[in-house]
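All remarks here apply to the structure that follows.
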Amino acid sequence: MLKYNELVIQHFKNPRNLGKIENPDAQATEGSVACGDMMSVYLKIKDGKIEDVKFESYGCAANIATGSMMTEVIKGMTLEEAEQITWKDIIEKLGGLPKSKYHCSNLAIDTLRKAIQEYKESMEKSKVESA
Amino acid sequence: MLKYNELVIQHFKNPRNLGKIENPDAQATEGSVACGDMMSVYLKIKDGKIEDVKFESYGCAANIATGSMMTEVIKGMTLEEAEQITWKDIIEKLGGLPKSKYHCSNLAIDTLRKAIQEYKESMEKSKVESA
Amino acid sequence: MFVFLDNCRTTKLDEKVLDDMKIYFFEKFQRPDGIYLSAQEVHEEVSQAQEYFAKTINAQPEEIVFTSGATEANNMAIFGVARRLKEKGNHIIVSAIEHGSVMSIAKRLQKEGFEVDFLPVDSEGIIKLDELEKLIKPTTILVSVISVAHFVGSLEPLKEISEILKKSNHKIYFHTDAAERYAKLPIDVEDFGIDLMSVSGHKFHGPKGIGFLYVRKNTPFEPLIFGASSFDKRRPGGENVPGIMGMRKAAEIAFDKMEENIKKFTGLRDYMINRIEKEIPDVTLNGARGEKRTPYNVNFSFKYIEGEAISLALSMEGVEVATGSACASENLQPNYAILAIGGDHARAHGSIRFTFGFNNTKEEIDYTVDKLKEVVERLRSMSPIKSDDDLEKYMGSGEELHKHEEVDSNA
Amino acid sequence: MFVFLDNCRTTKLDEKVLDDMKIYFFEKFQRPDGIYLSAQEVHEEVSQAQEYFAKTINAQPEEIVFTSGATEANNMAIFGVARRLKEKGNHIIVSAIEHGSVMSIAKRLQKEGFEVDFLPVDSEGIIKLDELEKLIKPTTILVSVISVAHFVGSLEPLKEISEILKKSNHKIYFHTDAAERYAKLPIDVEDFGIDLMSVSGHKFHGPKGIGFLYVRKNTPFEPLIFGASSFDKRRPGGENVPGIMGMRKAAEIAFDKMEENIKKFTGLRDYMINRIEKEIPDVTLNGARGEKRTPYNVNFSFKYIEGEAISLALSMEGVEVATGSACASENLQPNYAILAIGGDHARAHGSIRFTFGFNNTKEEIDYTVDKLKEVVERLRSMSPIKSDDDLEKYMGSGEELHKHEEVDSNA
Ligand SMILES: Cc1ncc(COP(=O)(O)O)c(C=O)c1O
Ligand SMILES: Cc1ncc(COP(=O)(O)O)c(C=O)c1O
């Protein structure tokens, strides 16, 4: 294991955008307790843009810090922009993570993408329904 | 290896009865250079008693110290008494030797016995001759 | 405040230990195999240390082999006996809560053609004696059971084990990894019936990189490391004399105060358990209570949150502890000791181990519990899991663990 | 005056090294595998040390494995490669003047079914390259040659060896025991073509009980010691962090002054050789002169007397040296390196090795030679052997050696 850097520590200590959004436009929960890593992401979307985002985390410091950083990065982005973000981007933004913690950064992106995907699917569905 | 004690060190530093006896009544050399341990013992014998003894040593400190102690012990003894002396007696007199050095104490006794034996044999021979 | 409570992983060196080591760094830096007088003196002092250690466990001096630590001692003991006796039998029994080193050795032995059984433990982490009896067979050559379970702190019934082994009509050697017991609780190899025992210096405020193996006389045994013998044929190599003498000093300090320490830390342990159970909701004590638990270990699982985050957050408050979370382990697996006592993955991930060194104080424990309360509360507020229902819903299979590992090894 | 000239056996710790170790005894005593911040810092610093050592030999950081010393490193390297490659080939070549640890390992490998050839050396102690070429066969998997012969001080032609190995049409791994070369003379594993290399900290004023093995990337290799991996899977166990950091400091000091040391000790070596040859009759230099000899070794045989007595007598004058006499060895055998360079038993028994540490001075060397003269004279006066004729007469077969051994083992 290598050291967590100061920025990661800061995000772990004071995660941005922590919590739930009541009546979110999209939401997803990924990971599991058994594997020791879980995240919920809540999105408020307006005109294809992420207006607000919040997350909750059951997991290690890297999980919490990448969740926090992910929400900071995507806030204000279009859904298409947000979908392009990779776990590597998040790690880079955090100034690096211990190698053994790389996998934790996956979960934040997975959960985000799942939320966007579900949002899109529900949009499709409502389009079909309203058609 | 265990430590040489002070007495052994003293005998090594200042061996008693070191050297040769010119025209000894008995003499023997035991051991070999190849095995790293050699001793010569010279005896002056009068009326069956060891009047004088000297020794030379090619060998380790234990060899030298046991040679020195052996000569001290046997000086003035009858040949029969001297023959009874064992390597264990010498080690005891020296206040002990490192275990790995026990074998060195053998040589002093071996050489002494050889000298006495040769003396006795030569006496027998001269008896026979003068008879 | 700085509070170190991971003393089962390692300890801080006692200042008085360094004073003794310095003699062998600078004055008597010679090795015991030199021919000169100073080396002979060092030889004698190392022999005296051997004698000292032997006395502390009721053994003979020549039954003590110095090693680079308990890991090497475990390797030396188990491989040493197993490989030597392979012809006589190839069955070995180790407990399910051995230290990682014994576990790895056991797995290696399986590869080498040995049959290994993992002896189960009960919910308190204590090996099941009746299961041991059932596992023994004519090919059993060795049983290895840890003296004090390093994660959950249970005291294993060493004497009862050896009594079972003695009932067998063939000799079964008994090894115990005593890294967490030696110098902390009494050990008598005669009374306990131990044939081989591993000890590590840095577990009781001695130096790192030094330990010893007790090997009962006439135990069939082959060396692990070959070389130019000097002090001890069974473990050649340049003797770590400062390490040996430092470990001796640390042991002396520990044995002088053993009774006092046992009393003090039994009290502190129960005080800490009490406070945590009273003041923090949804916690589970891991391991036994009272007599069956070492005085130096407290271990709790905190529901709905994960241990790596807890321990890192505590560390920011100056409190250093260990966790059984997969995320804090090298192989990304939940702690097997928690699973062995019947806990699930969540309980393993949420487990925190507090282990005492001889210098920990009540004040430090109070500070730790205070901070722990805050940290647990804060992390719970961040967690999407708020109840046992959530736990069940999101438990998952744990299969994802393997997915993670792949990501990791590709990184 | 106290003069330590057995620095090839071990050295006195440098005071500045302890300053660095203290940090890891008391402040950063944590192990690199803890989850808390301080442990992460220790992890980083140990990684940096790994990087540092790699740089000193032109290697990569992950090619450095910390061990408890060169003996363990030799075991890890030779057993590690040999046991792993057993299927590919079972032939191993080691030089006839390896350190005892490599010799013991080689003998053990023979027991395990390996075929071992002992590569002969010339009268200066330098391995015969043409013999090496002849010994290589399709089943050869490993060659181990010491970097600097520890007894007679010859510099082995490492680069030439690896070039011969490279000419083979199958891969032959090349291990060197560099305990007497590292931090004293330059080493470049790329340039020299080394695959595995053993180093020991206490040979250059670093701590005892620590060393490292260089293992070139992709070298097939299996661990010697199994356990809970923390810093390094290849060598599990509680990391000796003070040892690692102390060894680093010692290496830094040595590398900073390497050029200066080489110059200084080349001068002192030749000065000492000159004085002894001029002032003491009937002496034989063991090993090479000039470029082919390490600057840190002088080795003479003194005719008609025995080395244990010489060295003990010197020790009483404060001068500590080594000898090749059977009487000073654990197994009561004359030094095999002297026999390997063509010397007879007497030359082995009468050999004295003087090895320099970085702090030895000309004044000390002068004192040593002065005392040596007296001691040699005195012992010769006590010896029944006064001439080469006597020598021949009393040489014997050496068979008596075995008689001695029996006495010893019965004692
Ligand atoms: C050439 C050589 N190899 C190996 C060793 C063994 O080193 P260590 O004492 O670190 O095991 C030594 C020193 O005794 C040595 O001189
Ligand atoms: C029970 C137990 N066994 C073995 C070890 C390994 O000890 P060492 O670090 O001395 O190799 C430890 C500590 O890590 C331990 O707690």
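None of the values given here were measured: they were computed from a predicted structure. Chain naming here is simple, since letters A, B, ... match the order of the sequence lines and numbering starts at 1 in each.
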Min side-chain heavy-atom separation B:C60-D:H349 under 4.5 Å: no

Counting only N and O atoms by type, is there a donor-acceptor contact under 3.5 Å from the side chain of B:K101 to the main-chain atoms of D:C327? yes

With a 4.5 Å heavy-atom cut-off (strictly below), which parts of residues 46-59 of chain B touch chain D? List them by number. B:E56, B:S57, B:Y58, B:G59

Pick one of side chain, backbone, both or neither for B:K20, based on which atoms fall under 4.5 Å of a heavy atom in chain D. neither

Are more than 12 heavy atoms from other residues, nucleotides or ligands located less than 6.0 Å from atom CD of D:E277? yes

Those residues of residues 63-81 of chain B, ordered by number, that approach chain D below 4.5 Å (heavy atom to heavy atom): B:I64

More than 12 heavy atoms of other residues, nucleotides or ligands under 6.0 Å from CD of D:E392: is that the case? no

Mind ranking D:K393, D:M316, D:M382, D:R380 by heavy-atom pairs under 4.5 Å with chain B and telling me who comes out on top? D:M382

So does B:K44 have more than 12 non-hydrogen atoms from other groups sitting under 6.0 Å from NZ? yes

For the backbone of B:D37 and the side chain of D:E306, can you confirm whether one donor and one acceptor N or O come within less than 3.5 Å of each other? no

Under 4.5 Å from any heavy atom of chain B, what part of D:R378 do you find: side chain, backbone, both or neither? side chain

Of the backbone (N, CA, C, O) and the side chain (C-beta and beyond), which part of D:I305 lies under 4.5 Å from a heavy atom of chain B, both, or neither? backbone

